[in-house]
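Structure record follows, encoded as structure tokens.
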There are 2 protein chains.
Amino acid sequence: MADALEPEQLETYFALMESVSMLHHAVEQQVREAGQLSYVQFQLLARLATAPTRQLTMTELADGVVYSRSGLTHQAGLLEKAGLIAREPSPDDQRATLVAITEAGLTRVSAILPGHIDVVQGQLFSPLSKQDQVALGELMTKVRDHMREQPPRSVSTRKRGS
Amino acid sequence: MADALEPEQLETYFALMESVSMLHHAVEQQVREAGQLSYVQFQLLARLATAPTRQLTMTELADGVVYSRSGLTHQAGLLEKAGLIAREPSPDDQRATLVAITEAGLTRVSAILPGHIDVVQGQLFSPLSKQDQVALGELMTKVRDHMREQPPRSVSTRKRGS
DNA sequence: TATTGTTATACTCTATAACTATA
DNA sequence: TATAGTTATAGAGTATAACAATA
């Protein structure tokens with residue numbers, strides 16, 4: 001409502017989307033070549049690998065990565081079949097499923113990470129000064145936090161109208 | 001090679017990817033609801049609408065939006081079937097196809113744009129100060145320009161190894 | 001020989017709706 | 001009644017390779 005975008009903002013928006021699209025394409029390729037995984041699968045594994053207890057519920061795991069429950073179930077099925085994660089019922093809540101990364105999963109992430117970091121360094125950070133990099137971090141943290149507050153209206157699919 | 005990512009850079013990278021993923025999801029929905037198009041289709045139309053002569057060759061149109069020739073052919077086929085673009089052989093180069101946006105295409109873009117701008121404003125820019133917005137534009141322009149210089153190794157698929 | 005674009009095909013991803021089971 | 005997760009299925013997107021035509 002109200003507030004149009006300045007032409008300058010439109011250019012910023014386009015530059016952001018194009019940059020990230022290209023970056024996404026580059027890292028997707030790297031992840032596939034180095035680890036035979038899609039980027040989504042890599043994100044899920046990376047999230048598990050960095051989780052405090054190295055296990056999350058399906059819902060926690062989905063958050064911010066996947067936008068439908070069935071999508072996550074599908075990806076988790078593939079990862080489990082590949083032996084990279086393990087699922088077991090949660091003791092706390094019988095409805096929930098706990099997902100844990102396996103040793104093989106950790107190994108896979110380790111195989112991907114160095115090359116991944118090279119790509120991100122080369123594509124995203126190399127044209128930026130140290131100052132720029134810090135600034136970008138601050139900006140995107142603000143944006144991400146703001147977006148997280150917005151009703152994602154997807155994973156927590158609580159249909160109203162339809 | 002060399003140069004690892006600082007943990008701070010890793011966070012920046014993640015914040016960027018998550019933000020844009022959510023933004024992409026939001027605009028994708030908006031474009032579909034307001035204009036019955038995918039985001040890629042909207043990008044193609046928008047690119048044509050803002051092109052100086054309102055027509056581009058397939059290769060020019062693909063640039064930065066689509067990463068395979070056949071993908072563009074497919075999308076162009078859909079857009080043409082919907083009457084939003086028109087294709088004709090180029091007079092300059094008999095191999096090339098000129099793609100032009102139709103009146104219906106322009107109308108469709110117009111139908112999408114206001115709501116689109118609202119979403120971008122609300123999701124991306126609203127948490128940022130005017131200063132922040134300018135800074136983001138400068139940063140992403142640098143990044144985009146740098147990435148454009150990198151061999152995209154995709155559209156201009158000049159296979160070497162395989 | 002290199003480039004533009006299309007075709008055919010196959011694969012992956014994603015989303016919707018219906019369903020089960022537990023809170 | 002609401003939530004966690006799965007299943008089945010259908011649709012859309014994308015990429016590879018083989019191809020035709022022009023430069």
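Letters A, B, ... mirror the listed sequences (proteins, then strands); counts begin at 1. The structure presented is a predicted model; accordingly, all values stated were derived computationally and were not measured. Quick note: numbers below take in every heavy atom, side chains included, and nothing from hydrogens, waters or symmetry partners.
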- Message: Both B:A96 and A:L78 contact DNA chain C. Taking the nearest nucleotide for each, which residue is further toward the 5' end?
- Response: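 Counting from the 5' end, the first nearest nucleotide belongs to B:A96.
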- Item | Closest-nucleotide ordering on DNA chain C, the 5'-leading residue of A:S70 and A:Y39 |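 Result: A:Y39.
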[N] [atom2] sits how many Å from [X] [atom1], rounded?
{"X": "A:R69", "N": "C:dC19", "atom1": "CZ", "atom2": "C1'", "value": "14 Å"}
{"X": "A:Q41", "N": "C:dT14", "atom1": "CD", "atom2": "C1'", "value": "13 Å"}
{"X": "A:L44", "N": "C:dT12", "atom1": "CG", "atom2": "P", "value": "17 Å"}
{"X": "B:E28", "N": "C:dA15", "atom1": "CD", "atom2": "C1'", "value": "12 Å"}
{"X": "A:K81", "N": "D:dT7", "atom1": "NZ", "atom2": "P", "value": "11 Å"}
{"X": "B:R32", "N": "C:dT16", "atom1": "CZ", "atom2": "C1'", "value": "13 Å"}
{"X": "A:E88", "N": "D:dG5", "atom1": "CD", "atom2": "C1'", "value": "15 Å"}
{"X": "A:H74", "N": "D:dG11", "atom1": "NE2", "atom2": "P", "value": "17 Å"}

- Give, for atom CD of B:Q36 and atom CD of B:Q41, the distance between the pair rounded to the nearest 0.5 Å.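 Atom-to-atom, B:Q36:CD and B:Q41:CD are 11.0 Å apart.
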- Kindly say if A:Q75 contacts the phosphate of C:dC13, meaning a side-chain N or O under 4.0 Å from OP1 or OP2.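 The answer is yes; a side-chain N or O of A:Q75 sits under 4.0 Å from OP1 or OP2.
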- OP1, OP2 of C:dC13 versus side-chain N and O of B:H25: anything below 4.0 Å?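 Negative; the distance criterion is not met.
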- So does A:R148 pair up with B:E18, basic N to acidic O under 4.0 Å?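 A salt bridge links A:R148 with B:E18.
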- Is A:E28 paired with A:R32 through a side-chain N to carboxylate O contact shorter than 4.0 Å?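 The answer is yes: the pair qualifies as a salt bridge.
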- Query: For the residue pair B:Y13 and A:H116, is the inter-centroid distance of their aromatic rings smaller than 6.0 Å?
  - Reply: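 So the answer is yes for these two rings.
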So [X], base contact, sugar-phosphate only, or nothing? Heavy-atom distance under 4.0 Å.
{"X": "B:T73", "result": "base"}
{"X": "B:T97", "result": "sugar-phosphate"}
{"X": "A:S90", "result": "nothing"}

- Quick one: which of D:dT7, D:dT16, D:dA23 gets closest to the side chain of B:S68?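 Out of D:dT7, D:dT16, D:dA23, the nucleotide with an atom closest to B:S68's side chain is D:dT16.
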- Task: Report the nucleotide, chosen from D:dG13, D:dG5, C:dA15, that has the shortest atom-to-atom distance to any side-chain atom of A:Y67.
- Result: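 Taking heavy atoms from C-beta onward, the closest nucleotide is C:dA15.
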- Validation row: B:L23, A:L16 side chains within 4.5 angstrom (heavy atoms):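 Yes. Closest side-chain heavy atoms under 4.5 Å.
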- Message: Judged by each residue's nearest nucleotide on DNA chain D, which is more toward the 5′ side, A:R95 or A:L72?
- Response: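 Checking each residue's closest nucleotide, the 5'-ward one belongs to A:R95.
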